[in-house]
Amino acid sequence: MENSPIKAPVMTLTSGPVAIYPRVQEALSRPVPYHYDPYFLNFYEQVCVKAGRALRSDRPALILQVEPAAAIEAAAASLISPDDVVLNLASGVYGKGFGYWAARYCKRLTEVEVAYNEAIDAGQVAEALRANPDVTIVSAVHHDTPSGTLNPIDEIGAVVKAHGALFLVDAVSSFAGMDVHPIDAATDIFITGPGKCLGGSPALSVLDVTEAAWTHMESNENAPRASILSLLDWKNAWRKEEGFPFTPSVSEVHGLDAAFDQYLQEGPETVWRRHDLTARACRAGIKAMGLELWPARESIAAPSTTAVTIPGNLTTEQIISAARQTFGVMLSAGLKETYDKLIRIGHMGPVAEPVYAVTAIAVLGAAVRQHGIKADVGAGIEAALAEIPNGA
Ligand SMILES: *Cc1c(COP(=O)(O)O)cnc(C)c1O
């Protein structure tokens, strides 16, 4: 017997992968060139330069042919040597996860860990560095997506630089959704990707790497070479005169280029503003409906994800299925430690528009009401509209 077909979603309001921009869709469908065609060699160099400009860096970006989770593992493998002492900052599932990779390569791992609805304070980092003066690398996640919370990454970066350690930051789900850049945060490895706020397809990674980090990797005898985990293999691949260590995903590079064009041509400040506005409207609506936000304070809530505490004794499955089956709207669950504790509404790329906040409130409100939880959807929508200029 055939399985019954599952209807495609009407709307994807997840924390990534997200709906992609039409121009990215168009770029992905272009003919596939040979990677050593002069057209592609030249194009690849231009995309790396454009990505570096979008990152507001003074060098071309490093593109890796893997999704960001693998790029983060590759950064750990390449950067962390058996002589390194790593201070890992964990305010959520991704932060904690980096510690498992770091522990595989370092001499010693020490961590600052806070509750997963909280943020790490720069003062806590300074204190941990005073207690562990031998720390050579600090790692952090800017927006720990399964919690919807932000760490004050620029302040933490200043503390790390004062100590003299290298700073590795996962900014996968915040870059392009708000004002966060490698130089401002004093990072040595800054990792992002197209599948979140850039509204692209989730196959590649984009990194900014300082000379200090390259020097450290080059002196790390254990840094992988001829490997999917190698950053060094790709160091010079951006130059059109250089070869590729292996075949890049040429279509995905077309898509990435279009995602950066969208971002730069619309204007970063404009893009951040609509992420911020959508999240603000969404949070106002959630509260007015009588539901609770997961982050301990709104000041640490991310503009690209609104995490909502699951009310009563409901399960993730009940809420996600109700939203998907009744409205065709896909929401995100929590992950690992936050699973069954929260539901996430994504505001990333093309859906970082306030109309989607209004929709999300109606959908989430109806989904919890299906399971007997009270939610004043009308009040929620009014409160969201009140945040939107000319909305009320
Ligand atoms: C999405 C995301 C990643 C990358 O995960 P993939 O599985 O590669 O998409 C890494 N870190 C954070 C914080 C993320 O939100």
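If you read the sequence from its start, that first residue is 1, and numbering goes on from there. Just so it is clear, the structure is predicted and the values come from calculations on it, not from any experiment. Both counts, for ligands and for their atoms, begin at 1 and track the order of listing.
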Only heavy atoms of [X], strictly under 4.0 Å: list the atoms of ligand 1 that pass.
X    : value
S173 : 13 (C), 15 (O)
A69  : 4 (C), 5 (O), 6 (P), 7 (O), 8 (O)
T145 : 12 (C), 13 (C), 14 (C), 15 (O)
H143 : 13 (C)
E67  : 6 (P), 8 (O)

Do T305 and S15 get their side chains close enough for a donor-acceptor pair, meaning under 3.5 Å? yes

The single option from D276, T278, T306 that satisfies side-chain hydrogen bond (donor to acceptor under 3.5 Å, both in side chains) with H347 is T306

Is any side-chain heavy atom of K341 closer than 4.5 Å to one of I310? no

Closest by any non-hydrogen atom to atom 11 (N) of ligand 1: pick that one out of L335, V172, V141, D170. D170

Could you check whether E266 pairs with R273 (Lys NZ or Arg NE/NH1/NH2 to Asp/Glu carboxylate O, under 4.0 Å)? no

Got the closest protein heavy atom to atom 14 (C) of ligand 1, with its distance? K196 NZ, 3.0 Å

Indicate, as side chain, backbone, both or neither, the part of D144 found under 4.0 angstrom from ligand 1 when only non-hydrogen atoms are considered. neither

Should L79 and L89 be regarded as members of a common hydrophobic cluster, given that ILVMFWY residues are connected when their side-chain heavy atoms come within less than 4.5 Å of each other, either directly or indirectly? yes

Give a yes/no on ligand 1: does I72 have at least one heavy atom closer than 4.0 angstrom to it? yes

Closest approach of V24 and G200, non-hydrogen atoms and distance? CG1-CA, 4.1 Å

Test your reading of the model: is there a side-chain donor-acceptor pair from T326 to the backbone of A323, 3.5 Å cut-off? no

